[in-house]
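Below: one structure, written as structure tokens.
These numbers come from the heavy atoms of this one structure, side chains and all, not from hydrogens, waters or symmetry mates. Note that the coordinates shown come from a computational prediction; the quantities given were computed from them, not determined experimentally.
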Amino acid sequence: MSNRVRVRFAPSPTGGLHLGGVRTILYNYLFAHHHGGQFVLRIEDTDQNRYVADAEQYIYDCLEWCGLLPDESPLKGGPYTPYRQSERKPLYYQYAQQLVDAGYAYYAFDTVEELEKMRHDLKNEHNPNPQYDHKTRMQMRNSLSLDPKEVVELLNKQTPHVIRIKMPHNKTVSFTDMIRGEIHFDTSLVDDKVLLKADGMPTYHLAVVVDDHLMQITHAFRGEEWLPSAPVHLLLWEYLGWKESMPQWAHLPLILKPDGNGKLSKRDGDRLGFPVFAMDWKDPKTNETTTGFKEIGFLPQAFVNMLALLGWNDGSGQEIFSLDELVQRFSIDRVHKGGAKFDYEKAKWFNHQYIQHAADELLLPLVKPYFEKAGISADDAYMLQVIGLIKERCTLLPDFVQQGYFFFHTPKEIDLASIQAKWEDRKKQFFESWVEILQSLEQWTHDELEQSFNKTMEAHGLKKGDVLLPLRIMLVGGKYGPGVFVIAEMIGKAETCNRVKAALAQLGN
RNA sequence: GGCGCGUUGGUCAAUCGGCUAAGACGCCUCCCUUUCACGGAGGAAUGACGGGUUCGACUCCCGUACGUGCUACCA
């Protein structure tokens, strides 16, 4: 099968792209590339009410940022064009009609009010969610319950109607899920799902089957939440006469919220303070922006790596994988059945790993915008040095600003209290004379600096423990950062002396 | 309510009948570093429960519990 694998990701363009969505994309991508197949992006915009203008472009942007580009898509085109279901609208009717003709589906004329009434009337303690199914359909207004003449009349009058699948009674439908194995359903318990809506658009159920068939999809991955509607799809493949070419299904485990249980939602991110969307999403209706992993400072490689391990591992214990390695090692039978709680701390650990091991040159263009936003600019050579010096203490990209600010500007505030706690007159005298000595220093290198510092220190009868931390705070502002003499070397003589003097002034006598 | 799916430390997880139950994150202790971080060494912490099957069950089977998903002219 290795050359014929075709998979698809079929999002509905309704908003931000969720972690779970990206993971589904990733598994699609990995599977396709592992088998030398194609990865198709199909836009499932069949719900005109939920359509959101910029959502499709946003999906492309996310795919591009993640480096998980499809082989075929509405943008890129391909042999099965069009890839937007709204543009395929005329296609679906004939298949729905075919099902009606064969007796597998029927017209239903019930209005929204009538449906509501039925659900309301039948609702009780034992049946909280009445269905439109074999038990109720004969009480409704459809081509099964109505007189054939009346049906023709209604149709001729162009009465709004939908086409529903006629779920068989007492039939067991089974299939083998690639992740979960044999799964069985009793069709009596499944409702007569709408296949074609009154506006002529297909529902997901019809569209997914028709398009997966037409686009020659061989393996279909989707979230576990789709499992209950699998019997509808299975039957559709059969009724349409395509059963032999039905894709193999894999229902991916859910990504759960970190606390408690349940599917991770955007709300959880807001509540717990971490991103859920791949990139910033600005809701055009509310104008509200939700922060994405990109904007909060993740590297796409780290993001993808983290996601790959949320529900899959290769059994070796290795956790850091390049995309190529993932492609090589990914296999669907090592995907877990159980949902995984999202752990933001672990996600940050992945990013930290990637930043630590990334080349300074790679980091430069990513970090620069953050520096610029903080009013910091410098030539690349200098910035590169700074990046190399501080990257191991940066977890997210914006951390570079906090960790590197003092390399570019005098700290806005210094932690005077920490110096003052043990401040003595002889320390003050030491710093005063050291600053003087620095003027005549032959070479401005960290070695020279350290030597002169130590010599002066000893001459004043002081120890490192007495003055090293004060020096750091004077130069850096706080108790952090790389070697203090390296910092002094970097910022230069004038700036070093100025910072020490300024601090001495603030400390008073 | 019904149906589906799931269940190894706080979290991610290995194990495909031999377990003294890996590893990672987080947490704690120590070392390195007279800062922070990195790095290193340790530590606490796990098989939901009850029955089978078996010489032997975390692994297989059955039940129970718990969790979760679905139950729309949304995907």
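Between A:Asn129 atom CG and B:rA72 atom C1' there is a gap of 10 Å when expressed in whole angstrom units. Between the C1' atom of B:rU11 and the CG atom of A:Leu256 lies a distance of 12 Å, rounded to the nearest Å. One interatomic measurement links the two molecules: OH of A:Tyr354 to C1' of B:rC38, which rounds to 19 Å at whole-angstrom precision. For A:Lys193 and B:rA72, the NZ to C1' distance is 8 Å, given to the nearest whole Å. In this structure, A:Leu234 places its CG atom 15 Å from P of B:rG4, rounding to the nearest Å. For the pair A:Phe274 CZ and B:rU11 P, the computed distance is 15 Å after rounding to whole Å. We find that CD1 of A:Ile355 is positioned 13 Å from P of B:rC38, with the value rounded to whole Å. The nearest whole Å value for the distance from the CD atom in A:Glu319 to the P atom in B:rC25 is 7 Å.
For A:Asp47, the listed nucleotide lying nearest its side chain is B:rA75; candidates were B:rG10, B:rG69, B:rA75. Distances from the side chain of A:Thr203 to the nucleotides B:rG26, B:rC70, B:rC74 place B:rC74 closest. Listed candidates were B:rU35, B:rA14, B:rC38. Nearest to the side chain of A:Arg334 is B:rA14. When distances are taken from the side chain of A:Leu468 to each of B:rU35, B:rU34, B:rC73, the shortest belongs to B:rU34. The side chain of A:Asp191 sits closest to B:rA72 out of B:rG39, B:rA72, B:rC73. Out of B:rC73, B:rC38, B:rC12, the shortest distance to the side chain of A:Ala340 is found at B:rC12.
For A:Arg472 and B:rC36, the shortest distance from a side-chain N or O to OP1 or OP2 is not below 4.0 Å. For B:rC73, the OP1/OP2 oxygens have a side-chain nitrogen or oxygen of A:Arg119 closer than 4.0 Å. Taking side-chain N and O atoms only, A:His336 has no distance below 4.0 Å to OP1 or OP2 of B:rG6. Of the side-chain N and O atoms in A:Thr46, one or more sit less than 4.0 angstrom from OP1 or OP2 of B:rA75. Remark: A:Lys346 is not in phosphate contact with B:rC12, judged by side-chain N or O atoms under 4.0 Å from OP1 or OP2. Of the side-chain N and O atoms in A:Lys464, none sit less than 4.0 angstrom from OP1 or OP2 of B:rU35. Residue A:Asn313 places at least one side-chain N or O closer than 4.0 Å to OP1 or OP2 of B:rA14.
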Filtered N/O pairs between nucleotides 61-63 of chain B and protein, under 3.5 Å:
none

I'd like a table of atom pairs between the protein and nucleotides 41-45 of chain B - only N or O on both sides, under 3.5 Å - with the distance next to each one.
none

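Residues in residues 454-478 of chain A take part in these side chain to side chain donor-acceptor pair (under 3.5 Å) pairs, two or more places apart or across chains: A:Ser433-A:His460.
A:Gln402 pairs by the side-chain contact (heavy atoms from CB on, under 4.5 Å) definition with A:Tyr480, not counting sequence neighbours. Under the side-chain hydrogen bond (donor to acceptor under 3.5 Å, both in side chains) criterion, A:Arg164 pairs with no residue, sequence neighbours left out. Under the side-chain hydrogen bond (donor to acceptor under 3.5 Å, both in side chains) criterion, A:Arg329 pairs with A:Asp314, A:Gln318, not counting sequence neighbours. The side-chain hydrogen bond (donor to acceptor under 3.5 Å, both in side chains) test applied to A:Asp177 returns A:His251, not counting sequence neighbours. For A:His352, the side-chain contact (heavy atoms from CB on, under 4.5 Å) partners are A:Gln356, A:Thr395, not counting sequence neighbours. A:Gln57 meets the side-chain hydrogen bond (donor to acceptor under 3.5 Å, both in side chains) test with A:Asp61; sequence neighbours excluded. Residues passing the side-chain contact (heavy atoms from CB on, under 4.5 Å) test with A:Ala340 are A:Leu310, sequence neighbours excluded. In this view, A:His446 and A:Phe485, A:Val486, A:Glu489 satisfy the side-chain contact (heavy atoms from CB on, under 4.5 Å) rule, not counting sequence neighbours.
Using atom P as the reference point in both B:rC62 and B:rC70, the two lie 26 Å apart (nearest Å). When the P atom is compared between B:rG63 and B:rC3, the two are found 13 Å apart, to the nearest whole Å.
Side-chain contact between A:Leu462 and A:Arg426 is present, with at least one heavy-atom pair separated by less than 4.5 Å. You'll find the side chain of A:Trp249 stays beyond 4.5 Å of the side chain of A:Trp226, heavy atoms only.
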> How is the base pairing of RNA chain B summarised as a dot-bracket string, given the Watson-Crick and G-U wobble criteria with both distances under 3.5 Å, [ ] for crossing and | for another strand?
Replying inline: (((((((..(((.....[....))).(((((.......)))))....(((((..]....))))))))))))....
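For A:Phe371 and A:Phe408, the gap between ring centers is short of 6.0 Å. Annotation: A:Phe274 is in aromatic contact with A:Phe342 [ring centroid separation under 6.0 Å]. Checked against the 6.0 Å centroid criterion, the rings of A:His233 and A:Tyr204 qualify as a close aromatic pair.
Toward the 5′ end of RNA chain B lies the nearest nucleotide of A:Tyr480, the other residue of the pair A:Tyr480 and A:Glu44 mapping further downstream. In terms of position on RNA chain B, the residue among A:Tyr204 and A:Ala347 whose nearest nucleotide sits closer to the 5' end is A:Ala347.
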